[in-house]
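In what follows, a single structure is set out as structure tokens and then discussed.
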Amino acid sequence: MIELKDLSITYDRPIFNKANIKLYRNNLNVLIGKSGTGKTTLLNEIGLLNNHLSCEYHFDDIDVNSSKELNDIRRKKIGYVFQENYLFPKLNVEENIQFAAHLAGLDINNEEIDKLLDLTKITYLKGKQIDNLSGGEKQRLAIAFAMAKQPDLLLLDEPTSYLDNESCMMVIDVIKSIADKGKGYCLCRYP
């Protein structure tokens with residue numbers, strides 16, 4: 001279980017005041033709420049993207065607050081998919097996936113790349129350059145990029161926000177498929 005206790009965040013107004021949040025393994029957890037209610041702030045806190053923790057944080061059996069491995073947890077255990085995909089345009093599809101695995105300290109072979117391409121329904125893009133992909137294809141590649149590090153936690157911040165209906169449904173199907181495989185935590189933010 002991922003657990004945040006006594007989460008308090010204030011900007012010009014309180015966003016969270018002593019909130020307690022639990023994420024359970026093998027579930028698709030969804031954040032829904034009005035604009036400005038702190039959904040992205042919460043994702044950043046759970047994803048350890050802030051400079052400091054504003055709560056008591058437990059990632060499975062690890063007390064993140066006292067863990068010397070905080071950077072390793074961020075780098076190896078958490079996969080991120082943002083509204084804007086942060087792919088590397090000079091690398092092709094497979095090279096992006098290889099690079100993501102390398103960042104997490106993993107080697108990835110062609111069979112594992114093919115599985116990620118199949119999981120994200122973009123097998124037909126093998127060998128393609130990023131500039132030749134549609135928005136939906138880039139977003140599904142961004143999911144494969146995040147999954148290349150074999151994360152325990154996959155965080156998705158409005159992964160369908162810039163997509164047409166067809167691409168949006170494909171990305172949602174991919175996310176459901178990942179959650180159904182039950183290999184960790186999946187937290188997705190929708191507007």
Side-chain angles (χ1 to χ4, degrees), residues 1-60 62-67 70-71 73-87 100 120 135-147 149 151-191:
M1 172 176 30
I2 294 175
E3 185 174 20
L4 288 79
K5 292 182 182 177
D6 295 325
L7 174 65
S8 295
I9 299 175
T10 301
Y11 289 115
D12 57 335
R13 61 181 168 70
I15 304 291
F16 297 101
N17 186 20
K18 297 201 179 276
N20 294 315
I21 297 160
K22 293 180 182 180
L23 299 178
Y24 295 95
R25 190 173 280 280
N26 305 331
N27 285 305
L28 173 58
N29 300 277
V30 180
L31 287 174
I32 299 173
K34 294 180 182 178
S35 180
T37 57
K39 297 181 301 291
T40 296
T41 300
L42 180 58
L43 281 180
N44 290 341
E45 191 76 16
I46 293 170
L48 302 172
L49 294 176
N50 295 332
N51 290 331
H52 65 284
L53 290 171
S54 58
C55 64
E56 186 179 329
Y57 190 125
H58 296 274
F59 195 109
D60 288 332
I62 301 168
D63 179 355
V64 177
N65 301 78
S66 63
S67 174
L70 182 113
N71 288 330
I73 293 169
R74 183 185 307 125
R75 186 170 61 94
K76 295 178 181 178
K77 291 185 174 275
I78 304 174
Y80 306 92
V81 179
F82 301 100
Q83 291 177 35
E84 295 284 334
N85 60 67
Y86 293 104
L87 302 170
T120 54
E137 291 168 338
K138 287 178 182 175
Q139 204 59 335
R140 285 181 280 147
L141 177 56
I143 294 171
F145 186 96
M147 294 298 293
K149 62 162 70 174
D152 289 328
L153 170 62
L154 179 63
L155 294 175
L156 304 109
D157 190 5
E158 287 193 60
T160 60
S161 60
Y162 301 120
L163 304 180
D164 60 42
N165 285 340
E166 183 179 343
S167 295
C168 180
M169 293 310 298
M170 290 182 89
V171 168
I172 290 170
D173 285 344
V174 166
I175 295 167
K176 285 180 183 176
S177 175
I178 290 168
D180 288 344
K181 296 210 182 305
K183 296 196 179 208
Y185 305 96
C186 189
L187 178 60
C188 187
R189 172 191 169 221
Y190 281 105

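Proximity of a side-chain donor or acceptor of Ser8 to a complementary backbone N or O of Lys18 within less than 3.5 Å is detected. The backbone N or O of Leu23 lies less than 3.5 Å from no partner atom in the side chain of Tyr185, so there is not a single donor-acceptor pair.
Using cut-offs of 30° and 60° for the angle between ring planes, the Tyr86 and Phe82 rings count as perpendicular.
Leu7 and Ser54 make their closest contact through CD1-OG, 3.3 Å (heavy atoms, listed as atom of the first residue, atom of the second, distance). Here the shortest heavy-atom pairing between Gly79 and Pro151 reads N-CB, 3.3 Å. Residues Asn65 and Tyr57 share a closest heavy-atom pair of OD1-N, 2.6 Å. Across all non-hydrogen atoms, the minimal contact from Pro159 to Ile175 is CG-CD1, 3.7 Å. Taking both residues in full, the closest heavy atoms of Val81 and Ala146 are given as CG2-CB, 3.7 Å, listed atom of the first, atom of the second, then distance. Contact detail for Arg140 and Val171: the closest heavy-atom pair is CG-CG2, 3.8 Å.
Distance check: Ile143 CD1 to Leu154 CG gives 7.0 Å after rounding to the nearest 0.5 Å. Interatomic distance, Asp173 CG to Met170 CE, rounded to the nearest 0.5 Å: 8.0 Å. Rounded to the nearest 0.5 angstrom, Lys77 NZ and Ile2 CD1 are separated by 9.5 Å. Rounding to the nearest 0.5 Å gives a distance of 11.5 Å between OG of Ser177 and CG of Leu28. Atom OH of Tyr11 sits about 4.0 Å away from atom OG1 of Thr41, to the nearest 0.5 Å. Taken to the nearest 0.5 Å, the CZ atom of Phe59 stands 10.5 Å off from the CG atom of Leu4.
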Item checked: Residues Lys138, Phe145; criterion side chain to side chain contact (heavy atoms under 4.5 Å, CB included); working and verdict -> CA-CA 10 Å; Lys138 287 178 182 175; Phe145 186 96; over 6 Å; no
Margin query: Please evaluate residues Cys186 and Leu156 with respect to the criterion side chain to side chain contact (heavy atoms under 4.5 Å, CB included), reporting the C-alpha separation (whole Å), side-chain torsions for both, the decisive distance (0.1 Å), and the verdict.
Written below: CA-CA 8 Å; Cys186 189; Leu156 304 109; 3.8 Å; yes
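With sequence neighbours excluded, the residues satisfying side-chain contact (heavy atoms from CB on, under 4.5 Å) with Gln83 are Asp157, Glu158, Ser161, Tyr162, Arg189. In this view, Lys76 satisfies the salt bridge (charged side-chain N to carboxylate O under 4.0 Å, His left out) rule with no residue, not counting sequence neighbours. With sequence neighbours left out, Asp12 forms a side-chain contact (heavy atoms from CB on, under 4.5 Å) with no residue at all. Remark: Ser66 engages Asp63 in a side-chain hydrogen bond (donor to acceptor under 3.5 Å, both in side chains) (not counting sequence neighbours).
Residue pairs that meet the salt bridge (charged side-chain N to carboxylate O under 4.0 Å, His left out) test with at least one member in residues 31-49, sequence neighbours left out, do not exist here. Sorted by first and then second residue, the pairs that involve residues 19-28 and meet side chain to side chain donor-acceptor pair (under 3.5 Å), not counting sequence neighbours, are Arg25-Asp60.
When each of Asn29, Ile78, Leu31, Leu153 is tested with Ile46 by the rule side-chain contact (heavy atoms from CB on, under 4.5 Å), just one qualifies, namely Leu153.
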